[in-house]
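Below is one structure; the comments refer to it alone.
All ligand and atom numbering here is 1-based and tracks the order in the structure.
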Amino acid sequence: MKTVHVNGPVPYPIHIGPGLLDDGQRLAARVRGRHLLLVSDTNVAPRYAARVRDALLGARPDLQIGQYLLPAGESSKTIEQFAAVIAALADLGASRDACVVALGGGVVGDLAGFAAACWMRGVDCVQLPTTLLSMVDSSVGGKTAVDIAQGKNLVGAFHPPRAVLADTGVLATLPLREVRAGLAEVIKYGALGDAAFFDWLGEHQRALLDGDADALAEAIARSCQHKADIVERDPLERGERALLNLGHTFGHAIETEQGYGHPDNDNLNHGEAVAVGMVLAAELSTRLGMAPAQDVQALRGLLAGFGLPVTVPAGLDPQALLARMRLDKKNIAGRLRLVLWRGIGQALVVPDVDEDQVLAVLRAACG
Ligand code: NAD
Ligand code: MG
């Protein structure tokens with residue numbers, strides 16, 4: 001097992017390794033009171049919820065465990081589902097020492113984390129991420145949120161988890177498309193701040209896509225360490241943390257404009273949209289004379305090598321995407337503020353980006 005520590009006002013560990021869902025002692029050690037709400041989704045719960053319950057009750061037979069399941073997919077990350085989780089906490093009679101356990105991908109983690117942030121002004125949350133994306137990104141750092149029709153993640157709170165237990169064994173059942181989506185966020189860490197990691201990913205492409213346990217654990221731990229380092233220095237995103245949004249302003253615009261992804265549609269999921277978004281951010285950087293064109297090529301090559309999309313899906317309108325980007329949380333005083341780069345491993349926040357240049361990149365990308 002590997003452990004990454006996130007320091008700061010509320011320190012917490014990220015444990016990474018196989019079999020953690022069955023480690024009742026470790027799980028129960030994070031539960032202060034008797035009330036526990038397990039939040040999961042309709043794909044994950046049938047596979048893993050019973051294991052978590054059994055492990056917890058084995059260690060703490062006195063626990064009262066409630067359960068709430070959301071329909072799988074981004075379309076569940078809503079205020080309505082948030083209200084339903086809150087109602088489940090109320091039905092459980094959850095007190096202020098209650099614990100919300102999020103068993104699932106980023107959708108479950110973000111929604112359950114937000115409910116934990118709000119119930120009685122904040123109760124503990126333990127994250128049990130089950131997608132690669134949630135292991136390397138969403139379960140770490142304390143950002144929680146739901147989407148609204150106007151945009152992704154626009155309603156939420158900072159609420160760090162008490163612990164993150166990433167059981168890498170569950171990745172065996174994760175569809176390859178979701179593995180790739182997680183790898184997009186892994187590649188993001190290399191692209192934004194670690195050229196050596198970027199190269200390592202290229203060298204280990206086959207192993208990572210084949211589900212090699214050691215390669216995946218290494219990629220997860222290195223990604224979590226990157227995120228932990230940045231989040232420690234800037235927990236509330238006053239500055240440097242924004243770098244973690246490389247590719248996300250473009251990506252969120254695509255996700256919102258397409259309609260959020262769902263297992264039953266072909267819309268890009270979050271990781272895929274971030275892959276395209278990183279390419280657009282890199283292209284814009286080159287257009288602005290900040291970065292060499294060959295680095296865009298290298299990024300595109302690495303993403304495509306992992307089977308990720310690198311072009312904007314057909315049918316999207318550049319003006320509509322730009323309008324979506326204007327609603328991004330990074331913007332200040334109505335000016336577009338984007339994460340761009342000087343090349344591989346050198347991202348930076350650029351305030352007041354010229355909208356005409358963004359539109360030109362979008363026009364070229366939308367064909
Ligand atoms: P997800 O939660 O929708 O999971 C993807 C799919 O995989 C779902 O259908 C899910 O049911 C299924 N699944 C999950 N684990 C499985 C397993 N082990 N075996 C089989 N199927 C499994 O999506 P995601 O990619 O994990 O997360 C995306 C969300 O995370 C987005 O809403 C994004 O905004 C959010 N996010 C948040 C942060 C943050 O800092 N809070 C960071 C990055 C992303
Ligand atoms: Mg992300």
Side-chain angles (χ1 to χ4, degrees), residues 21 39-49 51-52 69-78 81 102-114 117 125 127-147 151-161 164 166-189 192 211 223-224 227-228 230-231 235 237 241-252 255-256 260-265 267-275 277-278 329 339:
L21 291 188
V39 181
S40 190
D41 76 21
T42 48
N43 279 339
V44 176
R47 292 183 167 97
Y48 301 114
R51 268 173 63 187
V52 174
L69 302 188
L70 12 143
E74 182 75 32
S75 45
S76 284
K77 222 175 94 174
T78 59
Q81 288 294 334
L103 173 69
V107 167
V108 168
D110 279 12
L111 181 79
F114 185 40
C125 183
Q127 293 280 349
L128 306 180
T130 63
T131 62
L132 181 59
L133 188 142
S134 56
M135 291 181 189
V136 300
D137 194 353
S138 60
S139 66
V140 177
K143 278 192 187 178
T144 71
V146 295
D147 305 329
K152 263 182 69 75
N153 297 335
L154 286 180
V155 183
F158 286 99
H159 189 63
V164 181
D167 184 338
T168 47
V170 307
L171 296 176
T173 61
L174 191 66
L176 182 58
R177 183 175 174 193
E178 300 297 342
V179 174
R180 291 183 165 134
L183 287 166
E185 298 274 17
V186 172
I187 291 168
K188 178 189 77 178
Y189 293 109
L192 76 88
S223 299
C224 287
K227 184 149 186 186
I230 292 177
V231 166
E237 199 168 316
R241 183 167 179 171
L243 297 179
L244 294 171
N245 284 308
L246 178 64
H248 281 62
T249 309
F250 285 105
H252 284 167
E255 281 183 272
T256 311
Y260 299 124
H262 184 272
D264 297 336
N265 67 33
N267 294 347
L268 296 192
N269 63 32
H270 178 71
E272 291 165 342
V274 168
M278 286 193 287
K329 293 188 289 307
V339 184

- Heavy-atom nearest option to atom 5 (C) of ligand 1, drawn from His252, Glu178, Glu185: Glu178
- Among Val107, Val136, Asp167, closest by any non-hydrogen atom to atom 2 (O) of ligand 1: Val107
Residue [X] vicinity, atoms of ligand 1 by number, heavy atom under 4.0 Å:
| X | value |
| --- | --- |
| Thr130 | 14 (C), 15 (N), 16 (C), 17 (C), 18 (N) |
| Asp41 | 10 (C), 11 (O) |
| Asp137 | 42 (C), 43 (C) |
| Asn153 | 34 (O) |
| Val170 | 18 (N) |
| Thr173 | 17 (C), 18 (N), 19 (N), 20 (C) |
| Arg47 | 20 (C) |
| Lys152 | 31 (C), 32 (O), 33 (C), 34 (O) |

- Message: Please determine whether side chain to side chain contact (heavy atoms under 4.5 Å, CB included) holds for the pair Gln127 and Val140, giving the CA-CA distance in whole Å, both sets of side-chain angles, and the decisive distance to 0.1 Å.
- Response: CA-CA 8 Å; Gln127 293 280 349; Val140 177; over 6 Å; no
Is there side-chain contact between [X] and [Y], with at least one heavy-atom pair below 4.5 Å?
| X | Y | result |
| --- | --- | --- |
| Glu74 | Asn267 | no |
| Met135 | Val170 | yes |
| Leu111 | Val146 | yes |
| Glu185 | His248 | yes |
| Val107 | Asp41 | no |

With only distance considered, is [X] within less than 3.5 Å of ligand 1 through an N or O on each side?
| X | answer |
| --- | --- |
| Pro175 | no |
| Ala72 | no |
| Tyr48 | no |
| Lys77 | yes |
| Ser134 | no |
| Asp110 | yes |

Roughly how far apart are [X] [atom1] and [Y] [atom2], rounded to 0.5 Å?
| X | Y | atom1 | atom2 | answer |
| --- | --- | --- | --- | --- |
| Lys152 | Thr256 | NZ | OG1 | 7.5 Å |
| Phe114 | Cys125 | CZ | SG | 12.5 Å |
| Leu192 | Ile187 | CG | CD1 | 12.5 Å |
| His252 | Asn153 | NE2 | CG | 5.0 Å |
| Phe250 | Asn245 | CZ | CG | 13.0 Å |

- Hey, does Leu174 sit under 4.0 Å from ligand 1 if you only count heavy atoms? yes
- Query: Hey, is Lys227 one of the residues with a heavy atom under 4.0 angstrom from ligand 1?
  - Reply: yes
- Task: Under 2.8 Å from the Mg ion (ligand 2), how many protein N/O/S atoms do you get? Just the number, please.
- Result: 3
- Message: Under 4.0 Å, heavy-atom basis, I'd like to know which part of His270 is in contact with ligand 1: side chain, backbone, both or neither.
- Response: side chain
- Can you list the residues that meet the salt bridge (charged side-chain N to carboxylate O under 4.0 Å, His left out) rule with Asp167, with sequence neighbours excluded? Arg51
- Item | Counterpart residues, salt bridge (charged side-chain N to carboxylate O under 4.0 Å, His left out), relative to Glu237 (two or more places apart) | Lys143
- Query: Partners of Thr131 by side chain to side chain donor-acceptor pair (under 3.5 Å), sequence neighbours excluded?
  - Reply: Ser134
- Return yes if some donor-acceptor pair links the side-chain N/O of Ser40 with the main-chain N/O of Leu103 below 3.5 Å, else return no. yes
